[in-house]
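Here's the structure, in C-alpha cells; my notes come after.
No hydrogens, no waters, no symmetry mates; every other heavy atom, side chains included, goes into these values. Counting starts at 1 for both ligands and their atoms, following the listed order.
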Amino acid sequence: MRRTTNLASLAGLTVAILFLAACGGDSATTAGGDGGGEASGGKAMRLALNQTEAHPSYISLDNWGTSLDEVTEGRWSIDVFPNETLGAQAEALQLVGDGSVDMAVVSSAQLENLNADFKAFEMPGVFDDVDEQLRILNDPEISGGLFTSLEGQNITVLGVMTEGARSVYTSFGPVETPADLADKKIRVQKTDKWIAIAEALGGVATPMALSELYPGLQAGVVDAAENNEVSYWTQKHYEVAPDWSYTNHMIGADYVIINTQTLNSMSEEVRAAFLEGFTAAYTEHAELWGQATQDAIDNATAGGATFHEIDSTPFKEALAAVVPDLLDGDTQQALYDAVVEAAS
Ligand code: GCU
C-alpha cells in the first residue's frame, strides 16, 4: 500500500522497532482478527528496501502489498520502507532474522555472507538476459534447498528479482579495458567474491554500502563503481561519476527474504496468495525494468552523463578467468553447473 510517510515518523518508527526488539516484544501490528490464529490472524508486514520510490522494486513490491491486502480483506499487508529507512541491507538482514522487520530485499552479497553457496547463483557471464535469469533462479528444481538453508537463522528466501546487467561508471573518464582501471578505487559490495570481481575488472576493491557511495564518489574516496542504469539514475551517482562504460559484466540477483516465523504463521490460503503475489511482483518488476532502464539513460544523459558503448570482451575474459577460483566446494560447483546448463 502506498503511504505518505515523513522522515520524522519514519525515524520514530525505527526507534519503536528497535525498542520492541530490545524488549523481546512482538513488533507485529495486527491488522484485524486475533493477530496470532491461523485463519483469523494477520499482520502489517514491514519490508526494508534500499532503493528509492521511483525504482521498479518499490513499485512492484508496493503493488504486491496492495493485492495481498485486498485478497486477505485487510488482514495481511506489506508496507515497503524505501531509502534504507529501516537500515542498509546488512542491518535489514539481521532485523529480518530477529523478527523486528518482516521482509527485506537484499543483494546476493548479503546472503553469501551467511551461506557462501549463494555465490553460485550470481556469477559473471552466465545469463543472456533477465527472463532467462528469472526462469532459472526461481526454479525450485534448480535452487533445491538453497532458499531454505537459512531457516535456522529464521530467514526464508522467497526468490529472486533481477538487478539487470551491471556495468562500470567512473568519475575520471570512460574505460575500455581493465588497464584503464589500474590504481583506481572501485566501490563494490562487501564480499570476497565482489573484491575478486573488482580486481578482475582492473581496479582496487573498496567495499562500502550503497548509501555511502554518492559521498564516496563526491569526496574522491572512490573513483568508480558498478551497477545497473536504474540505480545509477535513482541514486544520482551520474552527478559525481558521469561516464558510464558498458562492461555488462554481470546480470545481478536481488533476493526477497522473509522472517521464517512470520511466513509460518500464515494460513495455507494466505501463504498461497502471498507466494502468488511474489511471482506477480518479480514478473511486474521485470516488465518495468526495460522502460525504467531507458528512462534512467535519458534522465542521466540530460543530467550530464555519457553512456559509452565499448567492446566488453576484455572485461568479460578477465572475469571468466576468476570464476573457477570463486567457486568453493562441490555444492557450489553443482549449483553453478545446474544454472549454466539450464542457461545453455
Ligand atoms: C543494485 C541492487 C541492490 C544492491 C546494489 C549495490 O542496485 O539492486 O540490491 O544493494 O546494487 O550495489 O549495493
Side-chain angles (χ1 to χ4, degrees), residues 47-61 80-94 96 103-114 118-119 121-122 124 127 130 133-134 137 157-170 185-198 201 203 205-217 221-222 224-238 240-241 244 247-257 281-282 284-286 288-289 292-293 295-297 300:
L47 187 153
L49 181 68
N50 67 349
Q51 308 287 357
T52 70
E53 280 152 298
H55 193 282
S57 295
Y58 180 87
I59 296 166
S60 54
L61 295 165
V80 184
F81 288 82
N83 301 317
E84 295 191 359
T85 39
L86 295 182
Q89 288 189 346
E91 290 94 61
L93 182 71
Q94 283 180 358
V96 170
M103 299 174 67
V105 176
V106 293
S107 66
S108 173
Q110 308 301 330
L111 300 182
E112 288 166 27
N113 285 330
L114 294 184
F118 278 94
K119 267 200 286 191
F121 263 33
E122 191 199 63
F127 301 114
V130 163
Q133 177 200 32
L134 294 176
L137 299 191
V157 177
L158 296 171
V160 173
M161 297 180 103
T162 193
E163 289 179 1
R166 301 178 74 108
S167 283
V168 168
Y169 51 95
T170 45
K185 292 196 207 107
I186 176 165
R187 176 270 173 178
V188 281
Q189 301 174 76
K190 296 183 192 176
T191 64
D192 294 348
K193 180 184 89 183
W194 275 104
I195 290 172
I197 288 174
L201 289 170
T206 310
M208 59 173 67
L210 189 61
S211 59
E212 294 164 12
L213 180 51
Y214 186 103
L217 284 162
V221 175
V222 286
E226 55 74 53
N227 216 309
N228 53 61
E229 295 94 331
V230 180
S231 289
Y232 182 57
W233 155 247
T234 53
Q235 301 288 325
K236 305 214 177 302
H237 294 165
Y238 65 93
V240 280
W244 175 283
T247 52
N248 275 327
H249 50 273
M250 160 105 86
I251 296 187
D254 269 347
Y255 289 84
V256 181
I257 59 170
Y282 77 70
E284 182 188 19
H285 180 271
L288 294 173
W289 194 260
T293 300
D295 291 348
I297 294 169

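Nearest residue to atom 12 (O) of ligand 1 from Arg187, Glu226, Glu163 is Arg187 (criterion: closest heavy atom). Of the listed options Leu49, Thr162, Asn227, Asn227 places a heavy atom closest to atom 5 (C) of ligand 1.
Ligand 1 has Gln51 within reach: a non-hydrogen atom of the residue lies less than 4.0 Å from it. For Arg166, the closest heavy-atom approach to ligand 1 falls below 4.0 Å.
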**OP:** With side chain to side chain donor-acceptor pair (under 3.5 Å) as the test, would you mind laying out the steps for Glu226 and Thr247 before giving the verdict?
**Re:** CA-CA 9 Å; Glu226 55 74 53; Thr247 52; over 6 Å; no
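The N/O atoms of Asp254, backbone and side chain alike, include one that comes under 3.5 Å of an N/O atom in ligand 1.
Residues Gln133 and Gly252 come closest through the heavy atom pair NE2-O, 2.8 Å.
Among pairs with a residue in residues 206-215, none fulfils salt bridge (charged side-chain N to carboxylate O under 4.0 Å, His left out), at least two apart in sequence or across chains.
Remark: Lys119 does not engage Glu122 in a salt bridge, criterion side-chain N to carboxylate O under 4.0 Å.
For Val230, no heavy-atom contact with ligand 1 is shorter than 4.0 Å.
Close contacts between ligand 1 and Gln189 involve ligand atoms 6 (C), 12 (O), 13 (O) [criterion: under 4.0 Å to a heavy atom].
Counting only distance, with no hydrogens or angles, the side chain of Ser108 and the backbone of Ala253 share no donor-acceptor pair below 3.5 Å. Distance alone, capped at 3.5 Å, places no donor-acceptor pair between the Arg166 side chain and the Met250 backbone.
The nearest protein atom to atom 7 (O) of ligand 1, hydrogens excluded, is given as Ser231 OG, 2.8 Å; this is a heavy-atom distance. Nearest protein heavy-atom contact of atom 10 (O) of ligand 1 is Asn50 ND2, 2.9 Å.
In this structure, Lys236 forms a cation-pi arrangement with Trp233, its terminal cationic atom sitting closer than 6.0 Å to the ring centre and no more than 45° off the ring axis.
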